[in-house]
There are 2 protein chains.
Amino acid sequence: MKALSIKDIAIKANVSITTVSFIINGKAKEKSISEAVIEKVEKIIKESGYKPNQIARSLRTGNSNIIGLIVEDISNSFFAKIARLIEDKAYKRGYKIIYSSTENSVEKAQELINMFKTRKVDAYIISPIKGIEEDIRMLLSDDKPVILFDRNLADVNVNYVGANHFNASYQSIESFVEQGKKNIALVTTDIDVEQITERFDGYKKALLDSGLAYSEELVLKIHFNQDEETTINQIKNLFNNQKIDAVLFATNYLAISGLKVLKQIKKEIGSEFSVIAYDDHEAFELHTPGISTIQQPLEDIAETVIKLLLNQLSSKTKLPNQQVIIPAKLIIRD
Amino acid sequence: MKALSIKDIAIKANVSITTVSFIINGKAKEKSISEAVIEKVEKIIKESGYKPNQIARSLRTGNSNIIGLIVEDISNSFFAKIARLIEDKAYKRGYKIIYSSTENSVEKAQELINMFKTRKVDAYIISPIKGIEEDIRMLLSDDKPVILFDRNLADVNVNYVGANHFNASYQSIESFVEQGKKNIALVTTDIDVEQITERFDGYKKALLDSGLAYSEELVLKIHFNQDEETTINQIKNLFNNQKIDAVLFATNYLAISGLKVLKQIKKEIGSEFSVIAYDDHEAFELHTPGISTIQQPLEDIAETVIKLLLNQLSSKTKLPNQQVIIPAKLIIRD
DNA sequence: TGGTTATAGTAAAACGTTTTACTACACCAA
DNA sequence: TTGGTGTAGTAAAACGTTTTACTATAACCA
């Protein structure tokens, strides 16, 4: 049962392929096709269930109505939620999203970009990693819209949407200080992206501004793709060996490992020991006591990404790149 | 900066397009192209960075090396994790995955299937919903491999991989009974798929086999896409109005809502009140006390799905459909 | 009347591949 | 010399669209 082609429709309707194509693409009026023919052809299309072959279409037009979305790890709830929101919004505007995970591997990211490129996606939404700057520049020079989100790359001039990581981090520390905390730790990762360094800088700056000393002993940088057991041991070490009364986790999965440690070593969260986690997670609300978190405005981020993208797609001329920074929200729970 | 085509390579190498194509596709030997020419062409390809246009390739060959994955909701951690595992495994075998969420809407599912069809994906992995039986039969009659997972459709003869939901549910209730529980509730959804009805049947059968009465008052069926507030109120009602000493949640998101209720009404989980949740979630391990769960073997499911799929893809003849049922594991935590 | 304009539509090239059927030549055996 | 076989390679069709440039007829008008 081979699929119907535009040719079959043309034969059935006894008109030319061109005419059918014009009708399908809503150009019938401007190409002066008569009402009668339009109706006849549309009827045949409906009855036969003909669907244009998108591959052929893409080959001819060079675009696909598909947007490629590249994230670090689709199984991380932050990315899964953002992906889902973006998918919904794009879908409503007639675009499909295809997504894939980089696993923080430069190689895989490059391969994905290449795959998307050879499949002629119309635009890219990327949560980037260091090392793919050159690839992104290539996309830009192909005149394809690119939006980075969550993480920015310092030395590429491109659209970016993300939360204000510096401020969020700064506020968290401030809030610890207001509670009278003196020994505030930071558990972060060693991924070298702006978003992570900003969180780090916010931590440092807030400490200094509050008259507290910054001490390297209180900062733990976890290697980004080691197994969880190692992570847990390192955090355990930190908690056991340092006098700490508060800790900021720079990502939600680090916080989850951290909470596991606290459970294991039976350290209670409360007035003696406070925790704030970056990026909310179901587990934090449910936790007893509730875990305070920095919530990124997922909905806003997704909406802004899509809006920027569609602007670019519908504009003939290249629009200036924008950097949109959206405030994050500190949610205090207990 | 237009992309290079096979023609450009042919000109540069001073050979025909055909020759280049044979070399790219590893058919040079069998088509008796000389070693010298092969080397020359390969060198030019490497130096110029030429990448074949996959769209043109798909148009010509009718396939794409892409597998379409359709799930209910990619932001649900069960699906996100499965998707990620499948993606990894497919990737290693040279296939790309593109995924999309149905949101439990028949219409959206059909549109997605259509989109994948017109993009000529080579195979489908679908966590189906009732109402798309006909669409799946269409795919099968197109001779495209289809694997259902997580949920089966009773009246379509197709490959299926899933956990043993009946047994898992049965065992959970058994374990409650062993603990001396008498009033065991079930919170489930009203989605009409085998996997959910099996969980329900396991619950019922186990009660009867243990000599406990089955009572409709103890079963709450939540409408599948209502907002969480309503769900929480309904569960609160159940917990407040019925004498219950144990509850099985049929999905992880229901369990999360349920745990929120328990927190709100300050009901402690312990010897008086036991909980088991279907499908593990980070929040359950972290919860105090830990929440017992039924773990589906994600890794096994993903591996089996991919294996079945690749068998079909590489076989010339149509293989018989298989139904693979994988045992789930009851994890008792406290 | 002839020239312009509008209406209604079509033929054919192009997008970048893969693949079938072919050519051209050399070599060898009978 | 003929014919067969192997080697090395190519021309051209095909996949299913979109789009440009074209034709043919009717209508209008001065």
Side-chain angles (χ1 to χ4, degrees), chain A residues 1-42 45 48-66 114 117-122 142, chain B residues 1-42 45 48-66 114 117-122 142:
Chain A
M1 207 180 61
K2 217 153 144 5
L4 291 171
S5 79
I6 199 171
K7 195 172 164 189
D8 300 315
I9 303 296
I11 292 172
K12 263 190 216 174
N14 204 20
V15 296
S16 75
I17 290 182
T18 311
T19 302
V20 177
S21 174
F22 285 155
I23 294 174
I24 290 172
N25 293 290
K27 297 192 181 156
K29 288 273 152 61
E30 105 199 41
K31 297 291 180 177
S32 62
I33 307 294
S34 69
E35 205 50 59
V37 170
I38 296 182
E39 269 173 32
K40 177 172 67 174
V41 170
E42 279 179 344
I45 289 178
S48 65
Y50 163 73
K51 291 272 189 299
N53 179 323
Q54 298 295 342
I55 300 270
R57 213 174 229 186
S58 288
L59 178 59
R60 175 59 228 231
T61 64
N63 50 42
S64 58
N65 275 311
I66 290 187
N114 251 319
K117 198 150 81 181
T118 63
R119 308 250 172 230
K120 307 286 176 204
V121 306
D122 292 351
D142 283 355
Chain B
M1 206 179 63
K2 214 149 151 6
L4 290 171
S5 78
I6 198 172
K7 194 171 162 191
D8 300 316
I9 304 296
I11 292 171
K12 262 189 216 176
N14 205 21
V15 296
S16 74
I17 290 181
T18 312
T19 302
V20 178
S21 175
F22 286 155
I23 293 173
I24 291 171
N25 293 289
K27 297 192 181 155
K29 288 272 152 61
E30 105 201 38
K31 298 291 179 175
S32 62
I33 307 294
S34 70
E35 204 50 59
V37 171
I38 296 183
E39 269 173 33
K40 178 173 63 175
V41 171
E42 280 179 342
I45 289 178
S48 64
Y50 163 73
K51 293 272 188 298
N53 178 323
Q54 298 296 341
I55 300 268
R57 213 174 230 184
S58 287
L59 178 60
R60 176 61 229 230
T61 62
N63 52 41
S64 58
N65 276 310
I66 291 188
N114 251 320
K117 199 150 81 180
T118 63
R119 307 250 172 229
K120 307 287 175 203
V121 306
D122 292 352
D142 284 355

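Just so it is clear, the values below take in all heavy atoms, side chains as well, and ignore hydrogens, waters and symmetry mates. Within every chain, numbering begins at 1; the chains are lettered A, B, ... in the order of the sequence lines, protein sequences first and strands thereafter.
T61(B) comes within 4.0 angstrom of the backbone, heavy atoms only, and of no base. Within 4.0 Å of I24(A), counting heavy atoms only, lies no atom of the nucleic acid at all. Using a 4.0 Å heavy-atom criterion, one finds that S34(B) contacts the sugar-phosphate atoms exclusively. Contact annotation for S5(B): backbone-only contact, meaning every heavy-atom pair under 4.0 Å involves sugar-phosphate atoms and none involves a base.
Nearer the 5' end of DNA chain C, as judged by each residue's closest nucleotide, is the contact made by V37(A), out of V37(A) and I17(B). DNA chain D is contacted by both I33(B) and V20(A); I33(B) maps to the nucleotide lying nearer its 5′ end (nearest heavy atom per residue).
Computed from coordinates, the K27(B) NZ to dA21(C) C1' distance equals 15 Å when rounded to whole Å. Distance CD1 (I9(B)) to P (dT18(C)): 13 Å, rounded to an integer number of Å. In this structure, N14(A) atom CG and dT10(C) atom C1' are separated by 13 Å, rounded to whole Å. Between the CG atom of L59(B) and the C1' atom of dA13(D) there is a distance of 13 Å, rounded to whole Å. Computed from coordinates, the L4(B) CG to dT17(C) C1' distance equals 15 Å when rounded to whole Å. Counting to the nearest Å, the C1' atom of dT19(D) and the CG atom of N63(A) are 14 Å from each other. If you take NZ of K31(B) and P of dT10(D), they are 14 Å apart, rounded to a whole angstrom. In this structure, CZ of F22(A) is placed 15 Å from P of dA12(C), rounded to the nearest angstrom.
Taking OG1 from T19(A) and NZ from K27(A), the interatomic distance works out to 13.5 Å, rounded to the nearest 0.5 Å. To the nearest 0.5 angstrom, E35(A) atom CD is 5.0 Å from K29(A) atom NZ.
Put simply, N53(A) has no side-chain N or O that comes within less than 4.0 Å of OP1 or OP2 on dC15(D). Applying the 4.0 Å criterion to OP1 and OP2 of dG16(C), one finds that Y50(B) has every side-chain N and O outside that range. Residue K7(A) places no side-chain N or O under 4.0 Å from the OP1 or OP2 atom of dC15(D). Between S16(A) and dA11(C), a side-chain N or O to OP1/OP2 separation shorter than 4.0 Å is absent. Taking side-chain N and O atoms only, R60(B) has no distance below 4.0 Å to OP1 or OP2 of dG16(C). In this structure, T18(B) does not reach the dT10(D) phosphate: none of its side-chain N or O atoms is under 4.0 Å from OP1 or OP2.
V20(A) and V15(A) get closest at one heavy-atom pair: CG2-CG2, 3.7 Å.
Side-chain proximity of S21(A) to the nucleotides dG9(C), dT19(D), dG9(D) is greatest for dT19(D). Of the candidate nucleotides dG9(C), dA8(D), dT19(D), dA8(D) has the atom lying nearest to any side-chain atom of S32(B).
Side-chain contact check for R60(B) versus L59(A): every heavy-atom pair is 4.5 Å or farther apart. Side-chain atoms of T18(A) and K31(A), non-hydrogen and from C-beta on, never get closer than 4.5 Å to each other.
Formation of a donor-acceptor pair under 3.5 Å by the T61(B) side chain with backbone atoms of R57(B) is found in this model.
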